[in-house]
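Worksheet: one structure, shown below.
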Amino acid sequence: MLSIERYTFFDLQSLEQLYLDENFIAVIRANAFHSLRKLNSLKLSQNRLKSIEDNAFFDFRSLNLEFDLKNNPLSLDAPFYFYNKRILIIGGFIEADLNMALEKLDLIAAKMSPKKIILAFNQFESLSFDRFQSIDSIQLISNRIQRIDSFGFKNASNSSGAIMHGNMIERINRFAFSHASKIELTSNTIEVVESNAFSGLEQNAQMLLTNNKIHLIRENAFENQNNLNMIQIFENSFKSCMSDSFSGLSSFRVVSLSQNNFDAYHMHVCMNFQVKKNIQAFELVKSGLNDLSDRMFFNVSNLNTISLSDNAIEFLLVYLFAYLPNIESIDLSFNKILFIQKDAFFDLPMLVRIDLRGNFLKAIRAFLFTNHHYLFAFGFDMTDLNGFFESINKTTRLDTISTVDLARNHIRKIDANSFDRLRSARIIRFQSNRIFEIKSYLYPGKENLTDVEYRFNRIEADLSRFAFDNWNKLMMLKLESNFFSLY
């Protein structure tokens with residue numbers, strides 16, 4: 001797709017979301033989006049846009065419109081603009097100030113009261129919105145804005161949304177948009193978030209600070225943000241944070257600190273904030289973490305998912321993941337784990353997934369975890385699978401197990417009667433074993449199976465429909481990297 005021609009979407013008047021990312025679009029013609037009055041999401045990132053004709057965005061009405069033009073080579077010698085009673089879009093202007101652009105467009109005299117303003121790919125360094133009466137939402141995309149404070153934003157301070165991607169903002173002292181429900185400051189050059197920078201933003205629910213140069217968040221930066229439930233600070237330069245950096249976040253739910261440079265001590269400090277008991281999802285991926293504090297997740301009672309993949313973790317200590325009553329998934333894939341102490345995973349009644357792919361666990365002693373619905377075994381020499389289940393049935397009720405994860409053992413053959421006690425199993429994973437055939441009759445509860453994985457085995461026997469006879473509820477079947485043929 002090289003261009004979007006006039007009236008391309010004319011008959012799609014109910015369309016609300018339009019995704020055109022990652023194409024080769026270079027030109028958008030006038031009236032290209034005519035009739036899309038209900039559109040609230042337009043994604044045009046990663047194209048080759050160089051020209052947008054006047055009135056290309058004719059008929060846009062939705063104040064919830066998310067307008068994504070990131071990663072395009074829009075030319076500053078081809079300015080574009082559009083406005084109606086609700087939305088003002090200005091892009092490609094070389095003026096340093098918004099007022100100059102408005103004068104050039106002869107729009108100052110116009111009686112405009114747009115509720116949403118989008119400024120994209122301009123050279124604006126300073127902004128003033130004093131001439132606009134009331135603004136509900138503002139997007140500043142790839143301009144040259146270096147500073148965001150209350151000056152010039154008086155009539156925009158009540159905006160419910162503030163998206164400021166790809167500017168040159170270096171420091172946040174006091175954020176100007178007191179009523180914003182979503183704040184996006186991605187791909188700027190922010191290095192420090194000062195004390196009280198975002199304090200008092202009582203409506204804010206989401207904070208995105210991705211891909212900056214943040215190395216420090218000072219104490220009480222988010223004071224009294226009672227509704228903030230998600231914060232993303234990945235792809236920054238964090239090495240440490242203060243114990244009070246995240247204080248005052250009583251509704252905190254999702255933490256994403258991936259692609260920073262924490263060590264175990266400073267990670268423990270960051271996790272030691274007052275509201276950690278409310279966190280439901282914690283993500284620290286690709287951050288060079290080589291050790292985990294033994295009390296890092298202590299008292300995080302609502303935690304549901306932990307993602308620590310692609311680090312350099314070598315050991316899992318006793319009770320590292322313990323007494324987490326709501327945890328369902330722990331991802332430790334692609335680390336350097338050599339050793340797992342007994343009871344590293346302890347008293348986790350809701351756990352249904354442990355991911356240990358891509359570690360160095362081949363030569364260690366076997367590891368087993370069970371709760372009332374999940375069985376995870378790793379590193380066993382299961383030449384007698386029936387005997388293995390018999391041995392653990394003494395301490396675990398197998399008839400309640402719904403997920404059986406036996407990936408990376410040495411299973412060659414599934415014996416008759418092995419799964420007699422596992423009739424409630426819905427999910428079975430046999431990834432990376434040495435199994436050479438699949439036989440349907442070996443699973444007495446096969447009519448209940450929804451997810452079966454046989455990837456990276458040695459299945460050589462040809463498969464026919466009889467291999468999966470009566471697997472009526474199966475929704476996912478993974479058979480990659482085997483040797484069979486189908487007939």
Side-chain angles (χ1 to χ4, degrees), residues 304-305 307 309 327-334 350-359 361-362 366-386 388-389 392 396-487:
N304 182 266
T305 62
S307 299
S309 63
I327 195 73
E328 294 183 7
S329 175
I330 299 175
D331 187 352
L332 292 160
S333 59
F334 301 101
M350 302 304 293
L351 189 66
V352 295
R353 179 175 177 265
I354 300 173
D355 193 343
L356 291 170
R357 290 174 298 150
N359 280 283
L361 289 162
K362 294 180 180 178
F367 168 72
L368 173 69
F369 172 84
T370 61
N371 57 28
H372 72 281
H373 56 244
Y374 181 48
L375 187 155
F376 178 87
F378 180 92
F380 286 85
D381 186 5
M382 295 186 186
T383 53
D384 180 8
L385 190 57
N386 194 25
F388 170 76
F389 287 135
I392 65 174
T396 301
R397 283 193 58 183
L398 296 181
D399 60 345
T400 65
I401 298 291
S402 60
T403 300
V404 181
D405 192 338
L406 298 177
R408 295 173 186 81
N409 290 282
H410 303 284
I411 303 170
R412 295 176 181 271
K413 182 181 179 182
I414 301 171
D415 302 314
N417 305 319
S418 293
F419 280 81
D420 282 359
R421 297 182 180 86
L422 292 157
R423 293 174 181 266
S424 297
R426 303 289 188 272
I427 300 170
I428 297 177
R429 302 186 184 118
F430 282 122
Q431 179 186 343
S432 301
N433 280 283
R434 301 174 184 179
I435 298 168
F436 61 87
E437 63 180 347
I438 300 174
K439 292 183 178 180
S440 180
Y441 69 83
L442 297 175
Y443 304 102
K446 58 191 175 185
E447 67 275 3
N448 295 317
L449 292 174
T450 61
D451 186 332
V452 176
E453 181 174 341
Y454 275 99
R455 292 189 300 160
F456 303 105
N457 276 279
R458 300 179 181 180
I459 299 171
E460 298 179 356
D462 294 338
L463 298 181
S464 71
R465 65 185 181 87
F466 300 108
F468 310 107
D469 186 36
N470 289 329
W471 294 25
N472 300 324
K473 295 182 180 179
L474 196 67
M475 299 174 63
M476 183 178 293
L477 177 63
K478 296 183 178 181
L479 296 168
E480 304 101 301
S481 300
N482 282 283
F483 305 97
F484 59 81
S485 62
L486 301 172
Y487 69 91

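This structure is a prediction, so every number in the text was calculated from the model and none was measured.
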For the residue pair [X] and [Y], establish whether any side-chain heavy-atom pair is separated by less than 4.5 Å.
X: Asp420; Y: Phe389; result: no
X: Glu480; Y: Phe456; result: no
X: Met476; Y: Thr450; result: no
X: Asn409; Y: Phe388; result: no
X: Val352; Y: Ile427; result: no
X: Arg397; Y: His372; result: no
X: Leu375; Y: Thr396; result: no
X: Ile438; Y: Leu479; result: yes

Closest contact, heavy atoms only, [X] versus [Y]:
X: Arg423; Y: Arg426; answer: O-NH1, 4.3 Å
X: Phe378; Y: Ala407; answer: CD1-O, 4.0 Å
X: Asn359; Y: Leu356; answer: ND2-O, 3.0 Å
X: Ala425; Y: Val404; answer: CB-CG2, 4.2 Å
X: Ile401; Y: Thr403; answer: CG2-O, 3.3 Å

If we ignore hydrogens and angles and just use 3.5 Å, is the side chain of [X] paired with the main-chain N or O of [Y] as donor and acceptor?
X: Asn457; Y: Asn433; result: yes
X: Asn417; Y: Asn386; result: no
X: Thr400; Y: His373; result: no

Exercise. What pairs of residues pass the salt bridge (Lys or Arg N to Asp or Glu O under 4.0 Å) test when at least one of them lies in residues 442-455, not counting sequence neighbours?
Worked result: Glu453-Arg455
Problem set entry | Selection residues 405-416 - residue pairs positive for salt bridge (Lys or Arg N to Asp or Glu O under 4.0 Å), sequence neighbours left out | Asp405-Arg429
For this session: Apply salt bridge (charged side-chain N to carboxylate O under 4.0 Å, His left out) to Asp384 and list each qualifying residue two or more places apart in sequence or on a separate chain.
Result: none
For this session: For a side chain to side chain contact (heavy atoms under 4.5 Å, CB included) with Ile459, tell me which candidate from Tyr454, Phe436, Phe430 qualifies.
Result: Tyr454
For this session: Could you tell me how the ring of Phe376 sits relative to the ring of Tyr374: parallel (under 30°), tilted (30 to 60°) or perpendicular (over 60°)?
Result: tilted
Spacing of [X] atom [atom1] and [Y] atom [atom2] [to the nearest 0.5 Å]:
X: Phe419; Y: Ile428; atom1: CZ; atom2: CD1; answer: 4.5 Å
X: Leu449; Y: Lys473; atom1: CG; atom2: NZ; answer: 10.0 Å
X: Leu398; Y: Ile392; atom1: CG; atom2: CD1; answer: 5.0 Å
X: Leu474; Y: Asn472; atom1: CG; atom2: CG; answer: 9.5 Å
X: Asp331; Y: Asp355; atom1: CG; atom2: CG; answer: 4.5 Å
X: Ser402; Y: Leu422; atom1: OG; atom2: CG; answer: 10.5 Å

